[in-house]
Structures are given as structure tokens and as C-alpha cells.
Amino acid sequence: MGLMIISIFVFLLPAFIHMSSWDGGRYLATLPDITGTWVCADHQNWDGRTYYIYFEIRRNKNAVFGRIRYPWGERKITRADFEGNQFELYDQTGNVVFVGERFGAELHLVSKVGPQKGKPRIAKLTNNFHIPDPPFPLPLPALKKIPQTGEAPAPPMGWSSWNHFADRIDDKTIREIVDAMVRSGLRDAGYRYVNIDDTWEGVRDGKGEISANSKFPNMKALADYVHSKGLLLGIYSSPGPRTCAGYEGSFGHEEQDSKTFASWGIDLLKYDWCSAGLIYRSEDMRAVYQKMGEALASSGRKIVFNLCQYGQRDVGRWGKYVGGSLWRTGPDIENSWQSVSTIGFSQTKWTQFAGPGHWNDPDMLEIGNGALTLEEERTHMTLWSMLAAPLILGNDLRHITPETLSVLTNREIIAIDQDRLGKQGYRLYADGGIEVWKRNLINGDIAFAVFNRNDQNRQYTLSFAKIGLLEPQASFRDLWRQTLLHSSGGVMKLNVPAHGVVVFRVRATEKSSSATERE
Ligand code: GLA
């Protein structure tokens with residue numbers, strides 16, 4: 001009898017356990033347990049350090065939460081969904097950031113966002129492990145207005161390593177890019193900066209001096225080479241202890257680094273928020289940037305200050321007061337029409353902040369990186385020029401097609417970008433996927449661009465009354481196709497290719513007698 005009671009109890013025990021964990025209609029006991037701290041030794045950086053990603057996953061009843069710590073900062077885990085053994089981790093933006101499955105003491109994960117999308121990773125369970133705390137914040141200067149630390153009378157034009165090369169950039173490749181810039185005519189078309197983005201950094205010596213890692217054996221010699229070709233050299237750092245790729249940042253070494261950069265002959269610094277977000281409050285961002293602005297100002301060299309904090313905290317209002325000549329207005333661009341068009345067409349709120357010497361930066365170009373059609377590349381180039389945006393190429397210039405080169409060197413489009421009035425263009429109106437944009441130019445000319453965001457070619461009838469002009473006497477030149485655009489009856493019939501653009505320039509003499517400006 002006793003044995004029978006015991007075996008009934010043992011038989012029913014799992015059901016009791018299930019029942020006791022019944023919560024909100026779900027048997028939690030049936031969900032895979034992914035709680036704990038997991039460490040992923042992702043890869044080794046060029047400075048010899050390991051790039052770690054930590055996952056701290058907790059559960060309270062059926063709510064899963066926690067954080068993912070990268071060298072560049074953190075994502076909050078706000079939710080997990082389970083299906084069979086698989087799970088999806090969501091972050092604070094509501095996006096799935098990882099999908100995965102537990103295998104014993106390992107989580108097998110795949111990234112769902114960012115440049116590492118699709119990359120598989122393994123994180124191992126660790127016991128009694130605490131994610132390292134970030135350092136304490138350092139004192140920050142009282143806010144004031146300092147002048148630009150470098151000169152950018154027109155939006156800077158040049159090239160940067162990140163979009164195409166990411167961490168596969170080194171001294172030899174930079175020299176080849178420099179040679180290609182000269183050979184291709186890009187330098188003579190106005191592209192002057194050659195910018196080394198993240199992953200050049202080595203470690204600091206006993207005195208705190210930073211040096212480059214083994215990919216860049218002699219920065220000064222490289223700068224001399226760049227200068228000898230009539231070009232300028234840009235470099236990259238962060239106000240945090242780590243850059244976004246997990247390399248050494250300038251935290252606590254702002255003055256020292258700006259002097260080092262000056263001694264190497266650096267002409268531009270891109271300063272990327274990254275891990276500063278783990279240390280400083282976001283309301284201190286302006287002071288954090290001012291700290292480096294002041295350091296650059298006393299470095300003994302004119303160094304253009306390129307702010308990169310993804311458009312946070314209304315940077316358009318203060319970027320120029322911390323010494324900045326350009327500031328990013330949003331997230332990282334990706335090599336796709338979706339990314340280019342979403343970023344490019346959503347810049348309206350920044351328009352008022354651009355002006356000679358200080359520019360809104362919707363991010364570097366993806367032209368020539370293989371994902372865009374010719375029409376999309378023309379749209380990218382035109383839109384950035386209407387926006388008075390920096391034209392920083394992001395492709396492999398050593399292997400550039402004649403078609404891409406012709407897009408990048410269209411002098412009439414570049415002239416719109418570089419126009420010295422420095423007034424950013426804006427959307428006049430949008431109409432069924434057609435967007436009509438206008439930019440006023442210094443000699444009184446006006447550039448008009450008619451974009452077609454639809455997936456099909458469109459015939460669009462542009463009304464002069466609607467864009468504030470009376471019917472012109474002359475025809476206009478299509479700046480991409482170099483054909484004439486004729487008008488009659490107060491309208492112009494345009495064929496605008498799918499994802500393409502027709503852009504033309506109205507001469508001051510042409511519009512002066514007839515234009516009715518309405519802005
Ligand atoms: C951030 C920036 C990018 C690039 C990378 C380098 O994501 O926004 O432009 O500089 O860091 O790690």
C-alpha cells in the first residue's frame with residue numbers, strides 16, 4: 001500500500017510542478033531555460049584584444065529581460081519569444097536582435113540586425129560572472145560656444161574606409177585608394193579627404209600614448225604620402241573607452257590624442273559616440289563633444305571635427321558650437337536602396353541647421369558598392385547634393401566601373417552640392433511616390449529635382465505654377481542625361497525612371513522676371 005502511494009506521488013509529481021508554474025496561460029516549465037550570463041568570444045581584433053559580447057538573461061514569471069553588452073554599448077533585452085526549442089530576443093526598439101537555441105551550456109545564436117546580420121555566434125554559460133562595469137565619467141567642461149576646429153566652407157568631399165572595407169583596411173590599401181583617387185580624376189573633381197575609419201587603433205603605451213595597430217606601421221609617413229598627392233587624411237576615434245568595433249577610444253586621453261593626431265598630420269577626426277553611452281548621460285553629450293573640440297582647437301593643427309552620434313539630442317542645434325563642421329543626422333547607412341532612400345528622404349527636420357562651415361551628414365555614400373542600380377546611384381548622388389551633404393565615398397575606388405565614376409564625377413551635380421550659399425534643399429511636395437525638391441543657389445539659380453520613389457517608371461507632369469515659377473522661355477537641361485527638357489502650356493512632361501530622378505537647374509536670368517518664390 002505504502003509503495004502504491006509513493007509511486008502515485010512520483011507519477012503525479014511532474015504534473016504538480018507544471019501546475020505550480022502555471023502563469024498567464026503558459027506552462028513555463030516547458031520553455032527552454034536561457035537564463036544566466038553567457039559570454040561570446042566573438043573574434044580577435046587587430047590590436048590583439050578579444051571582442052566579447054555578454055548576454056545577461058533573466059526571467060521573472062513569464063517575462064524575459066536583461067541586456068546584451070558589446071564593446072560599443074548595450075542593448076536591453078525586453079522580451080523573448082519561444083517556439084519549440086528556438087527563441088527570439090527582442091531589444092528596446094522592438095526588433096528581434098538574435099534568434100537562437102540552447103545546446104547544454106551553449107547558446108547558438110544568429111544576429112538579426114546591423115552589419116553582422118546573419119552571422120552565427122556561440123555564447124557559453126558562465127557561473128558567478130559579472131559583466132565588467134564601465135569606468136566612472138570624467139569631469140566635463142562648462143558649455144560655451146567654440147569656433148570650428150577646421151575649415152569646411154563647402155560640404156567635405158572625400159572617401160572613407162568603413163562602408164566597403166570595415167576592418168579590412170590597412171596602410172597599403174589606403175595608399176592604393178589615394179593613387180586611384182588621383183588616377184580616376186576623383187581628386188580633381190573635388191574629392192579631397194581620405195578617411196581611415198575604425199580599426200586602425202593599437203594599444204596605449206605606459207605614458208598613455210596611442211599608436212596604430214600592425215595594419216598601419218607609420219601614420220606620419222602615410223599622412224605625408226596622402227599630402228604629397230594633394231589630398232587630406234582623416235582618422236577616427238570615440239569619446240568612450242572603446243570604439244564601435246571595440247578598439248581603443250579617446251576616453252581620458254582627449255588632449256593627448258588630439259596632439260598625437262596633429263603630430264601625425266591628420267586633417268579630420270570622426271568622433272563616434274559608441275561606448276561613451278555606457279558612461280555619460282545623454283544630456284552630457286554636448287559637453288563630451290566640446291571636450292574634444294577644445295582639445296582639437298589647442299592641438300596646433302586645423303583638424304575638421306566630424307561628429308558621429310547618429311543625430312541624437314538635436315545635434316543640429318549645437319554641433320557647430322562644439323567646434324564641429326559636420327554631424328551625422330541618423331543611423332548607419334547600409335548598402336541597399338531601402339537604407340539609402342529611407343535615410344535620404346527623411347532629412348527634412350535638419351534643413352535649417354546646415355550653413356557654410358557646418359553641415360548635416362546623412363552618412364557616407366554607398367555608390368559603387370554593387371547594390372544600387374544606375375538610377376538609384378544617380379538618386380543617391382542627387383539627393384545628397386540637394387541636401388548639401390558631405391560627399392564621402394564608401395566604395396573600393398581601385399575597382400570602379402566607368403558608370404559609377406560618371407555618377408561620382410558629374411560636375412553639375414557636384415556644383416549643386418558644393419554651392420557656397422550653403423543652403424540645404426528641401427522637399428516642396430510629395431505626390432504618389434513622386435517628390436519634388438528645390439535648392440536655392442548662390443547666384444540666384446534654383447536646382448529642382450523630381451524623384452520617383454515608385455518601383456515603376458513614371459510619366460510625371462510638373463506644373464510650373466506648383467513649383468513657384470511662371471513658364472520659362474527656354475528649355476532646361478536634364479543634368480544626368482544631358483538632354484533638353486521642354487515645356488509647354490505651363491507644364492513639363494518628365495519621364496522619371498523607377499527609383500530615379502530628373503534634376504535641372506533654372507538660371508537666375510530665366511526665372512527673375514517670372515518667379516514667384518514661396519517657401
Ligand atoms: C559606427 C559609425 C559608422 C562606423 C562604425 C565603425 O557604427 O556610425 O559610421 O564608423 O561605427 O565601427
Side-chain angles (χ1 to χ4, degrees), residues 42-47 49 51-53 68 70-75 91 93 97 111 113-117 119 156 158-170 173-174 193-202 212-213 215-216 233-251 266 268-278 282 285 288-289 292 304-313 315 319 324 326-336 339-340 342-344 359-367 369 384 389-395:
D42 194 58
H43 60 266
Q44 200 173 42
N45 274 345
W46 284 95
D47 56 7
R49 288 171 172 151
Y51 185 106
Y52 288 106
I53 307 173
I68 307 171
Y70 304 82
W72 54 260
E74 265 181 15
R75 289 184 202 281
D91 76 353
T93 64
V97 286
S111 306
V113 288
Q116 305 286 335
K117 202 179 329 192
K119 179 173 169 170
W159 175 92
S160 175
S161 57
W162 188 253
N163 284 4
H164 180 83
F165 292 94
D167 73 339
R168 302 177 311 278
I169 190 67
D170 55 18
T173 311
I174 291 288
Y193 287 94
V194 175
N195 297 342
I196 305 169
D197 207 287
D198 203 354
T199 80
W200 64 266
E201 307 87 341
N213 62 48
K215 296 190 295 169
F216 291 92
L233 185 63
I235 211 163
Y236 169 101
S237 191
S238 168
R242 288 283 178 273
T243 67
C244 287
Y247 287 75
E248 186 73 18
S250 291
F251 178 75
I266 296 296
L268 175 146
L269 172 68
K270 173 172 169 183
Y271 206 46
D272 196 350
W273 184 241
C274 306
S275 63
L278 290 170
S282 96
M285 200 177 274
V288 171
Y289 275 88
M292 188 45 125
V304 165
F305 195 21
N306 176 355
L307 278 47
C308 178
Q309 38 80 288
Y310 339 114
Q312 296 180 77
R313 296 204 73 82
V315 60
L326 59 157
W327 47 80
R328 277 271 297 279
T329 55
D332 287 16
I333 200 161
E334 290 172 24
N335 185 21
S336 69
S339 168
V340 167
T342 306
I343 291 178
W359 310 99
N360 294 314
D361 175 14
D363 208 357
M364 304 167 287
L365 301 173
E366 292 287 3
I367 296 171
N369 279 337
W384 263 237
L391 296 178
I392 306 295
L393 313 177
N395 58 326

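Bear in mind the structure is a predicted one, so any value in this text is a computation, not a measurement. When a ligand or atom number is given, it counts from 1 through the structure's own listing order. Each residue takes its place number in the sequence, starting with 1.
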When distances are taken from atom 12 (O) of ligand 1, the protein heavy atom at minimum range is Asp198 OD2, 2.8 Å

Atom 1 (C) of ligand 1 has as its nearest protein heavy atom Asp272 OD2, 3.0 Å

Among Asp197, Asn195, Ile392, closest by heavy atom to atom 4 (C) of ligand 1 is Asp197

Within 4.0 Å of some non-hydrogen atom of Met364, the atoms of ligand 1 are 9 (O)

Query raised in the report: Would you say Ile169 and Trp162 make side-chain contact, with heavy atoms under 4.5 Å?
Result: no

I'd like to know if the side chain of Asp91 and the backbone of Val97 have a donor-acceptor N/O pair within less than 3.5 Å. no

Q. Backbone N or O of Asn195 within a donor-acceptor pair of the Lys270 side chain at under 3.5 Å?
A. no

Taking only non-hydrogen atoms of Ala245 and a 4.0 Å limit, the atoms of ligand 1 in range are 12 (O)

Does a donor on one side chain and an acceptor on the other come within less than 3.5 Å for Asp272 and Tyr236? yes

(request) Could you establish whether Asp332 and ligand 1 come within less than 4.0 Å of each other, counting only heavy atoms on the residue side? (result) yes

Out of curiosity, is Tyr236 lining ligand 1, as in a heavy atom under 4.0 Å away? yes

For atom 5 (C) of ligand 1, the closest protein heavy atom turns out to be Trp162 CE2, 3.6 Å

Logged contact type for Thr199 with ligand 1, heavy-atom cut-off 4.0 Å, is neither

Notebook entry, point to check: Looking at ligand 1, does any of its N/O atoms fall within less than 3.5 Å of an N/O of Asp363?
Noted result: no

Under 4.0 Å between heavy atoms, the region of Cys274 that gets near ligand 1 turns out to be neither

Quiz item: In terms of side-chain heavy atoms, does Arg75 have a donor or acceptor partner in Tyr70 at a distance below 3.5 Å?
Solution: yes

Discussion item. Can you see whether Trp327 engages Asn360 through a side-chain donor-acceptor pair at a distance of less than 3.5 angstrom?
Written reply: yes

So the atoms of ligand 1 within less than 4.0 Å of a heavy atom of Lys270 turn out to be 3 (C), 4 (C), 9 (O), 10 (O)

Paired with Trp159, the side-chain contact (heavy atoms from CB on, under 4.5 Å) test is passed by just one of Leu391, Leu365, Ile174, namely Ile174

inquiry  = Between Asp42 (side chain only) and Tyr52 (backbone N and O only), is there a donor and an acceptor less than 3.5 Å apart?
reply    = no

A student checking ligand 1 against Tyr310 at a 4.0 Å heavy-atom cut-off should list atoms 8 (O)

Do Arg168 side-chain atoms and His164 backbone N/O form a donor-acceptor pair below 3.5 Å? yes

